[in-house]
Amino acid sequence: MRYWLLKSEPEEFSIADLERVGVEPWTGVRNYQARNYLRDAMHDGDGVLFYHSNARPPGIVGLARVRGEAYPDPTQFDPASPYHDPGSRPEAPRWMLRDIAFERRLRRCITLDELRAAADRLGDFPLLRRGNRLSVLPVTAAQWQTILDLENR
DNA sequence: GCCAACGTTGGC
DNA sequence: GCCAACGTTGGC
C-alpha cells in the first residue's frame with residue numbers, strides 16, 4: 001500500500017464534488033512524470049491526500065483511495081475536450097488514469113502554511129519543494145501518518 | 001494580476 | 001542535441 005497526494009483546483013473539482021460523485025476518473029493529467037505515477041506506481045487501494053490548489057488557503061482537505069487499475073484517459077481522444085491530445089492513438093494511448101474514490105473529508109483543512117511549519121517532521125515532502133508543479137506526488141507512510149496527526153491537533 | 005519555476009516545442 | 005521561446009502551474 002502506497003500513499004499519494006493529488007492536487008485539484010476546487011473551482012474545477014473540489015472535495016465536495018468528489019464526495020457527491022463518490023468515484024471520479026482522474027482525467028486531464030498531461031505530465032509524463034505524473035502519468036507514470038498514475039499508470040505504473042499506483043495500486044488499487046492506495047491512500048490519497050486530496051489537496052486544493054489555487055485555493056484560499058491551499059491545503060489538504062480530504063482523504064481518498066485509488067480504485068482499480070489504470071486505463072486510458074478518454075478525454076485524450078475527445079476533440080471537444082480541453083484535454084484532447086491529437087497525437088495520441090487509441091491503439092497506443094499516451095495518457096492513463098485511475099479512478100479515485102472518496103473516503104472522507106478532513107475535520108479541517110491542513111493548510112500549506114501548516115505543512116511548511118511541520119517541515120522538520122515531514123522530511124523531504126515533494127509538495128514543499130521549491131517550484132514543484134506536479135499534480136500527482138508520492139507520500140511516504142510516515143508523512144501520511146504525520147499529516148493525519150496534524151488533523152487532530 | 002504578477003511572476004518564479006519549469007516542462008514542452010521547434011528551429012537549427 | 002542545444003537552447004530560446006512559449007505555455008502552464010500555483011502561491012502570493
Side-chain angles (χ1 to χ4, degrees), chain A residues 2-21 24-42 46-66 70-100 102-140 142-144 146-151 153:
Chain A
R2 300 190 195 190
Y3 302 93
W4 306 93
L5 182 145
L6 291 185
K7 294 180 189 173
S8 188
E9 302 194 16
E11 292 199 4
E12 293 291 318
F13 190 83
S14 70
I15 189 67
D17 294 322
L18 185 61
E19 181 171 28
R20 179 169 45 76
V21 298
E24 176 73 5
W26 207 251
T27 57
V29 172
R30 295 293 181 269
N31 170 284
Y32 284 101
Q33 192 177 348
R35 187 279 310 270
N36 293 346
Y37 284 143
L38 284 170
R39 185 187 63 184
D40 307 327
M42 277 186 182
D46 282 357
V48 171
L49 300 170
F50 197 97
Y51 178 87
H52 278 172
S53 61
N54 265 323
R56 286 200 295 215
I60 297 166
V61 292
L63 302 182
R65 202 168 281 284
V66 175
Y71 62 97
D73 180 342
T75 64
Q76 70 196 304
F77 306 122
D78 177 2
S81 168
Y83 304 124
H84 181 230
D85 180 355
S88 182
R89 315 294 306 273
E91 60 272 24
R94 189 176 285 170
W95 307 109
M96 305 290 279
L97 55 65
R98 300 266 176 170
D99 287 345
I100 301 300
F102 178 81
E103 192 91 355
R104 68 175 176 87
R105 294 200 197 210
L106 296 191
R107 287 179 35 243
R108 59 192 189 80
C109 176
I110 300 174
T111 65
L112 182 57
D113 280 347
E114 210 175 336
L115 293 168
R116 289 203 183 104
D120 56 333
R121 267 165 294 155
L122 287 168
D124 184 22
F125 195 55
L127 185 74
L128 301 180
R129 282 187 210 145
R130 227 167 101 82
N132 155 67
R133 298 185 306 162
L134 267 191
S135 62
V136 181
L137 296 170
V139 174
T140 68
Q143 288 162 347
W144 174 274
T146 299
I147 286 163
L148 291 192
D149 290 345
L150 285 175
E151 182 191 11
R153 288 209 310 178

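Values below: every heavy atom of this structure, side chains too, minus hydrogens, waters and symmetry copies. Numbered from 1 within each chain, the chains take letters A, B, ... in sequence-line order.
- Nucleotide B:dT8 holds its C1' atom 10 Å from the CH2 atom of A:Trp95, rounded to whole Å.
- Across the protein-nucleic acid pair, A:Asn31 atom CG and C:dG7 atom P stand 18 Å apart, rounded to whole Å.
- Open room surrounds CZ on A:Arg56; 12 or fewer heavy atoms of other groups in view lie less than 6.0 Å from it.
- In this structure, the CG atom of A:Leu134 is 11 Å from the C1' atom of C:dT9, given to the nearest Å.
- The closest side-chain donor-acceptor pair between A:Asp99 and A:Tyr71 falls under 3.5 angstrom.
- Salt-bridge formation is not detected for the pair A:Arg35/A:Asp73: no Lys NZ or Arg NE/NH1/NH2 atom is positioned less than 4.0 Å from an Asp or Glu carboxylate oxygen.
- There is a side-chain donor-acceptor pair under 3.5 Å between A:Asp17 and A:Ser14.
- The CZ-P distance, from A:Arg133 to C:dG7, rounds to 14 Å in whole Å.
- As a whole-Å value, the separation of A:Leu5 CG from C:dT9 P is 16 Å.
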Donor-acceptor pairs under 3.5 angstrom involving side-chain atoms of residues 88-95 of chain A: please list them, not counting sequence neighbours.
from: A:Ser88; atom 1: OG; to: A:Gln76; atom 2: OE1; distance (Å): 2.8
from: A:Ser88; atom 1: OG; to: A:Arg94; atom 2: N; distance (Å): 2.9
from: A:Arg94; atom 1: NH1; to: A:Asp85; atom 2: OD1; distance (Å): 3.3
from: A:Arg94; atom 1: NH1; to: A:Asp85; atom 2: OD2; distance (Å): 2.9
from: A:Arg94; atom 1: NH2; to: A:Gly87; atom 2: O; distance (Å): 3.1
from: A:Trp95; atom 1: NE1; to: A:Asp85; atom 2: OD2; distance (Å): 2.8

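- Applying a 4.0 Å cut-off to non-hydrogen atoms, the residues of residues 48-62 of chain A that approach DNA chain C are A:Tyr51, A:Ser53, A:Asn54, A:Pro58, listed by residue number.
- In this structure, CG of A:Asp85 is placed 14 Å from P of C:dT8, rounded to the nearest angstrom.
- Distance from the side chain of A:Arg116 is smallest for C:dC12 among the nucleotides C:dG7, C:dC12, B:dT8.
- Residue A:Lys7 places at least one side-chain N or O under 4.0 Å from the OP1 or OP2 atom of C:dG10.
- Atom-to-atom, CZ of A:Arg35 to P of B:dT8 comes out at 10 Å; the value is rounded to the nearest Å.
- Looking at A:Arg30 and A:Thr75, their side chains do bring a donor and an acceptor atom within 3.5 Å of each other.
- Between the P atom of C:dT8 and the CG atom of A:Asn132 lies a distance of 18 Å, rounded to the nearest Å.
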